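The next block holds one structure in the form of C-alpha cells; read it before the comments.
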Amino acid sequence: MDSYTIGQAARLLGVSVDTARRWADAERFPTRREGARRMVDGPDLAAFCVQVAREAAEAGEVPSTSVRNSFPGIVTAVKLGIVDAQVEIQAGPHRVVSLLTREAVEELGLEVGVRAVARVKSTSVFVDRA
C-alpha cells in the first residue's frame with residue numbers, strides 16, 4: 001500500500017501544506033507517524049480526495065466545464081506569431097504549453113505574470129484566464 005507525506009498529500013489535494021496539516025489535525029483524514037513524519041495511507045487519501053471534490057461540487061466551487069484536468073498556475077512565457085501563439089503556464093510542478101490563436105491570447109489578456117488555468121482534455125489544452 002502506498003503512503004504519502006503531508007506535503008505529497010497537499011500537492012495531490014491542490015492545497016497548501018498548512019491546509020493539509022490543519023485538515024489532518026481536525027481529523028478530516030487519518031494520519032500516522034513514521035519517525036518525525038506524518039503519513040497518510042493511500043486508500044485514506046484517495047477517499048478524502050473524493051470527499052473534498054464532492055464538497056466543492058456541492059458548494060458550487062467547481063468550474064462550469066466538462067474538462068476535468070485543470071492546472072491553475074501562472075503564465076511564464078508567451079510567444080506570438082502572426083496567427084498563432086504559444087503560452088507556457090507553470091502549474092505547481094507542471095509546465096503546461098498550449099498552442100492557441102494570437103487572437104485568443106490577446107482577448108484573454110494573457111501575458112507573463114497573469115494567473116491562468118490550463119484545462120486538458122485528451123490531447124487538447126484549453127487556457128482560461130483565472
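Hydrogens, waters and symmetry mates play no part in the numbers below; they use all other heavy atoms, side chains included. This is a predicted model, so every value here is computed, not measured.
You'll find the side chain of Arg102 stays beyond 4.5 Å of the side chain of Asp84, heavy atoms only. When side chains are defined from C-beta on, Gln86 counts as touching Val97, because their heavy atoms get closer than 4.5 Å. You'll find the side chain of Leu13 reaches within 4.5 Å of the side chain of Cys49, heavy atoms only. Put simply, the side chain of Phe71 reaches to within 4.5 Å of the side chain of Val120, judged on heavy atoms.
A distance of 9.5 Å separates CG in Leu45 from CD in Gln8, rounded to the nearest 0.5 Å. Note: Glu107 CD to Leu100 CG = 11.5 Å, rounded to the nearest 0.5 Å. The CZ atom of Arg37 sits 11.5 Å away from the CZ atom of Arg33 when rounded to the nearest 0.5 Å. If you take OG1 on Thr31 and CG on Asp44, they are separated by 9.5 Å, rounding to the nearest 0.5 Å.
Note: Phe48 and Phe29 have tilted aromatic rings, judged against thresholds of 30 and 60 degrees for the angle between ring planes.
Residue Trp23 is grouped with residue Val17 when hydrophobic side chains (ILVMFWY) are merged at heavy-atom distances under 4.5 angstrom, including chains of intermediate members. Hydrophobic clustering places Leu80 together with Val87 (ILVMFWY residues linked when any side-chain heavy atoms are closer than 4.5 Å, directly or through intermediates). Hydrophobic clustering (ILVMFWY, side-chain heavy atoms < 4.5 Å, transitive): Met39 and Tyr4 are in distinct clusters.
Annotation for Ala20 and Ile6: closest pair CB-CG2, 3.9 Å, computed over non-hydrogen atoms. The shortest non-hydrogen separation linking Val40 to Pro30 is CG1-O, 3.8 Å. Of all heavy-atom pairs spanning Ala118 and Ile89, the tightest one is CB-CD1, 4.0 Å.
Between Arg21 and Asp18 there is a salt bridge, with a side-chain nitrogen of the basic residue lying less than 4.0 Å from a carboxylate oxygen of the acidic one.
When the salt bridge (Lys or Arg N to Asp or Glu O under 4.0 Å) test is applied to Glu111, no partner is found at least two apart in sequence or on another chain. The salt bridge (Lys or Arg N to Asp or Glu O under 4.0 Å) search around Arg95 returns Glu88, not counting sequence neighbours.
Around atom CD of Glu103, no more than 12 heavy atoms belonging to other residues, nucleotides or ligands sit under 6.0 Å away.
For the residue pair Arg32 and Ser3, a side-chain donor N or O sits within less than 3.5 Å of a side-chain acceptor on the partner.
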Next item on the list: Go through the steps for Gln51 and Arg28 under the test side chain to side chain contact (heavy atoms under 4.5 Å, CB included), then give the verdict.
Entry: CA-CA 10 Å; Gln51 177 186 338; Arg28 291 200 60 199; 3.7 Å; yes
